[in-house]
Each structure stands twice: as C-alpha cells, then as structure tokens.
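Contents: one structure, followed by commentary.
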Amino acid sequence: MTDSIASHIRDLITAIRRHDYNYHVLDTPTIGDSQYDELTRELKQLELEHPEFLDPNSPTQRVGAKPDSGFDEVTHRVSMLSIDNVFDLDEFRQFGERIKDRLHQADIPQMTAEPKLDGLALSIRYEQGQLVLAATRGDGQTGENVTQNVRTIRSIPLILKGSHFPEVLEIRGEVIMKKADFVAMNRRLSEASEKVFVNPRNAAAGSLRQLDPSIVSTRPLSFYAYGLGEVSEPLGDTHTEVMDALRQLGIPVNPGLITGEAEAIEKAYDSLMAERDALPYEIDGMVVKVDSIALQNALGFVARAPRFATAWKFPAQEASTRLVAIDLQVGRTGAITPVARLEPIFLGGVTVSNATLHNFDEVARLDVRPGDQVMVRRAGDVIPQIVKVIADRRPDSSKPIAIPSVCPVCQSSVERADGEAVIRCSGGLICQAQRLEHLKHFASRKAMDIDGVGERLLEILIEKEWVTTPADLYRLSADSLQGLDRMGAKSARNVIHSITTSKQTTFARFLYALGIRDVGEATARTLAASFGDLGRLIEASHEDLMNVDDVGPIVASHIRSFFEVDRHRSIIQELIDLGVQWPDVTASAPRNGPDLSGQTWVLTGTLESMTRDEASEKLRVLGAKVSGSVSAKTSVLVAGPGAGSKLTKAESLGVDVIDEATLTALFGEL
Ligand code: D41
C-alpha cells in the first residue's frame, strides 16, 4: 500500500515534469491547463497525507521561505561578461573583419545569431543534476542569491532531465516576461490596486528582486539560456551543440537560434527585425557569436566583453512627443481608464497616437498633464507607454486632470474603494460600455443559461438597439430574430424557446445573473439560501449582509450599492413581470430525495443523462457539498466511464463509489 503510494507520487512528479518540459522547452503542450492543475492538486494532496514521501524537488516545492532581509551576495566562479554592441551593417562587417584578422583566416568563421532578449542576465547552477544556486549578474563578479525566487520559475527545471550530465553545470541566460504575460499581469495588478510596471523588462527585474517567493510565484517569468559559466565537462564543440545539449537536459533555449555564414547572419538580422513585433517577447537586437568554442577561446577578451560576440542592436523604440489630452475610457467591466492622446509619432515602424496610463495613480505618479512633452516607448504589440514627462518643457498654464466623479458614458456615479487605484462606473446594467459583458454574463450557462444567446447575437441585438437591458431579451420574438446574421426560422424559434425556458430558474442563478460585483456563483447560492426571498435581500442592511457566511464588508457594500440604484430595481421588476420566476425556497414543502447535509461528494468521469453541473446542483439541493478532489473527508465518489486517478484514490481511501444509475435513482423525482 505505502509502496504503491510512493510510486504513485513518483509517477505524478515524472508526469508533471514531462508536461513542464513539453510546454516550456519544446513549446508543444500535451495536456490542457485543467488536467495539469488536476495532476498538481492530486500530488499536493498525496504529499499532504504522506509527508514521509515528500521530495524536496517535487514540482509542488517551488515556493520556499523568504529571506530575512535582502539577498546574500554571490561571487561568480566564472565572471559574467558583458557584450559589445554594433549599431549598423558597417559596424557589423567590421566586427566580422576583426575576427577574421585576429584568427589569421581567409574567411569569417561560421557564426550563430539569436534574438537579444530584453530582460536581465541570470546564472543558474546545477550540482549532480540539482538546481542549487541562482544568482543575478550584478557587476559581473558578484551578484545576488535569488535561488528561492528562481525556483518558482516553472520553465527552469529543479532537476536536470536525462541520466548523464556534468557534475557542475552553470548556465547563463536571460530572465524575461513575455509580452502577453506582462499585459495580463499589469491588468491584474491594476485591478488589485497595486503598482503596475512600465515595461516587461522592469516587470521581470522587479519580480526577480521581490523578497517574498510566494509573490514571485504569481509573476509570469520565463527564462532562456544563452551560454555557460563554470562546467565540470564540456557540452559540445560549438555554441549550437551546447545549446542543443542544454535543451536535451530540459533547459529552455531560445528557439530562434540560427547558424550560418556572415551573409546568412546579415539576412537573419533583417528577418528578425521584421518579425520583432510578432515575437512573444521584447528583443532589442540580435546577438551574434562565433560558433566554434575553440575559436571563441582563441579570440579572448577586450575589457569585460568577449571578442567572439556582439549585440547588433535595433533602432530605439523611444521618442518624445506632445500629449494632447487625457481621455477616459470605460472598460467592459466598468473600470475607467485614463488614455493619453498623443501628437502622432513614428516609432519602431508604426505611428503611435495613443498610450495607456493604466489608472489615476499612474497619472499622479508620472504627474502627466495635457500639453506635456512626454517620452513614449513602444515595444512590440505591447500598448505604447509613457515613460516620463520632460519636466523642463512643461507649459506654464498646465493643470493636472481631475479624477472624474461620474461615468463619462452613462453619468452614473464613480466608485473608488479605499486604497484602490481603479475607479469604476457604478452603472452596471445601465452603462452602455458594460452592456455586452453584462448581457453575456446574464445569458451564460451558469446564470440564466440561455442557449444560443452568445456574444455574436448579443452584439447584433445591441447594435440594433433591440436589447439594452436583460429584460429586453424576454421581449424578443422569433419573427424579429429571423434573418439576423443568417438565422433561419428554426434557429430563431430555438433561441426564443431557450429564452422562454430560462424564465423558470432558481433564486441563486437569478442573483448570480444580475452580475453584482464580487457575487459569484457560490456567494449567490449562499445569499439565496440565507435570505430565501428577493424582497428580503433587497431590504437587507449592510449588517444583515455581513452576517452571511463568506460575505465581508466589501461584498456587502457592493450588494447594497447595486440594489440602491433605482434602475437596477426596476429592471428586476421588469424581469419578474415578464415571467422570470423561481421556486419559493422559503416554503417548507417536503423535499424529495434523501438528506445529504454534512456530506461531501465528488464527481468524476463522464455522465450520460446529465451534465456534471446539473448533477452538482441537484446534490447541493439535497444538502451535499460538492468538491473537486477526493480526500479522506469525501463521503461518496460518483464515477462515470473514464474515471481515472480520483477513482483509484477513492478506492485506496475506502470512500464509497457509486455509478450514474445509482445517482439517478437517488435523485428520483428531483
Ligand atoms: O539574449 C540576450 N540578452 C543575450 C545576452 C544573449 N542571447 N547572449 C548573450 N551572450 C553573452 C555572452 C557572449 C557573454 C555569453 C548575452 C550576454 N552575454 C549578456 N547579457 C547581459 C550581459 C551579457
């Protein structure tokens, strides 16, 4: 038994490592995110139940303790060199000529070219295949020990892959944040009212130097190797071979590495420049190296940079222009964002006329005002940023902009929670900017579950002004829908049919559908169970709301402000008048089916007669809690065909297992 648990834990670790490698190194994921999360969850649970089998290099052990104060100094065994620059074709050709002359050769030797990633250099050290140290470059001689933080970077393996590797292997590379990860992270930070980063480079640097590894683990950092430090045995005779060997060991290596004659390298520069915006990360040039390690060594160094390499830089992506105005944009979730309108400027190949300012804290931090001359930075497809104001060119008459008190779209009042950077329109259902998002949510499967009413149809209905509030959906007719977006008579009837059936709902779904801020499915269910009746909920005081499980002061005030808006109450009344209704849960009619209160159920595998959501909902009606993972606390596991690890686990824990037929029988009339 314990043997099989230990080996199951090992299998899970191996599987997760393989998926990490496929995803980060090969760039070809072989499972979906939710399956991956499921494996990790299962592993965590087993490790919790069997701490004696905990492997310090398990993928669950990436986040460790934080340093007491700052990072320790690390002296690099082999110093981390810097790299010389060239800025145009002429200078690049001189670089080639110098190499040829120094080597007394007739031709320029074979070279490699790789994107010059715009991040920060990092050295990671493996001993006996285990990651033991990670250090920043610092001044090239001494850096900072950032091992705890680097362990959280998922693309860096905690142990090397394969069975043969040098006893000591120090790898140099660049830590970066991909453009899409950067944008998503800044959005998250901004919504949580935290400081946003100006660009991916600063975000990577700031994250790596963050003292709390648990915060670092939420920062989407990536790493690509570009060279070696101290090694106990050579990995190859050329840079290309070394990079291939690293890839074999599970280390991410930039896929853009090419090898060729000088002429091919010159062509590669133009292609890379053309590709620049489409790449997933920011680059500021192309690094060219002599491929042969023997020739690299023969060439030696000038000052702190090797003669065998150069960074062929791209033209700058920063320039100054005048900020004409700061406009307000209302996002689909009601967040009001200041946007800088610029005097158009040609930058890195495109004309830039807008730049994001994120939020009003950022406006204050930059102290940016209409009329200012500003430095603008554009990087790939990241929205252009304002880097700074050129202070001595500020017009005398300039005034800071005021934070708006009403929504520029619907004139509803603006909310700003204590200490939050984001300000929001309180208009919700009535704000045109938020209409599509609200209606999509209202019709979604877990809300009113209106089949056939998705983004595309809603866009058309909004555009035609047939639907402005959720109530309008219930006023549509099949005749009017027919012909929209090539909709035939049958599909029009189907849509109307699902709109009509959605009228029969539950109180919890209805509450969730209203889209009150922070009232998700679970909170909606608790509120429905606690108040039972819409009238009582609308009348509930802040204090009444706070008495509900899971409802804190912030959610309580969101609920209060929602129901205080007259338009919201009248839309609710319209919905009810149009026939939206739910069973009265306060009536004490005897419930069909057994009482499952206090029990925890888990569903796995496929169900045929109902969806998992439907089954979960019914189980909840009977009083059970429905959970996603099997543990010793699980009362019953419902296993359909295809059930995998959860079933094995339930069996090993002695949890009752039933099939779908038994479940259906249990539901009976429900
Ligand atoms: O992508 C990069 N930023 C990059 C940096 C790269 N692809 N290769 C590099 N190669 C070197 C040498 C030639 C010294 C091994 C580098 C750097 N150095 C480097 N980055 C920061 C300082 C030096």
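Order of appearance sets the numbers: ligands from 1, and atoms from 1 within every ligand.
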Could you tell me if any non-hydrogen atom of R137 lies under 4.0 Å from any atom of ligand 1?
yes
Does the residue G227 have a heavy-atom contact with ligand 1, meaning some pair of atoms that are separated by less than 4.0 Å?
no
Going by distance only, is there an N or O of V287 that falls short of 3.5 Å from an N or O of ligand 1?
no
Considering the heavy atoms of L81, write down every atom of ligand 1 situated less than 4.0 Å from one of them.
22 (C), 23 (C)
Check E174 against ligand 1 and report side chain, backbone, both or neither, counting heavy atoms closer than 4.0 Å.
side chain
In ligand 1, which numbered atoms sit nearer than 4.0 Å to a non-hydrogen atom of K289?
8 (N), 9 (C), 10 (N), 13 (C)
Assess whether a salt bridge exists between R172 and E170, defined as any Lys/Arg side-chain N lying under 4.0 Å from an Asp/Glu carboxylate O.
yes
Any carboxylate oxygen within less than 4.0 angstrom of a Lys/Arg side-chain nitrogen, looking at D367 and R394?
yes
Who passes side-chain hydrogen bond (donor to acceptor under 3.5 Å, both in side chains) against R247, sequence neighbours left out?
D244
Report yes or no: does a heavy atom of P115 sit under 4.0 Å from some atom of ligand 1?
yes
Under 4.0 Å from one or more heavy atoms of A309, ligand 1 contributes atoms 13 (C)
What protein heavy atom sits nearest atom 9 (C) of ligand 1, and how far away is it?
Y226 CD1, 3.2 Å
Whether K161 engages the ring of Y21 as a cation-pi pair (distance to the six-membered ring centre under 6.0 angstrom, angle to the ring normal within 45°) should be assessed.
yes
Would you mind checking if E362 and K195 are paired as a salt bridge, meaning a charged N to carboxylate O distance below 4.0 Å?
no
Among all protein heavy atoms, pick the one closest to atom 3 (N) of ligand 1 and tell me residue, atom and distance.
L117 O, 3.0 Å
By salt bridge (charged side-chain N to carboxylate O under 4.0 Å, His left out), which residues pair with D327, not counting sequence neighbours?
R341
Electrostatic pair K100:E97 at N-O distance under 4.0 angstrom:
yes
What do you reckon, does E114 have a nitrogen or oxygen under 3.5 Å from a nitrogen or oxygen of ligand 1?
yes
If we count only N and O atoms by modelled type, under 3.5 Å, do the side chains of E73 and N145 hold a donor and an acceptor together?
no
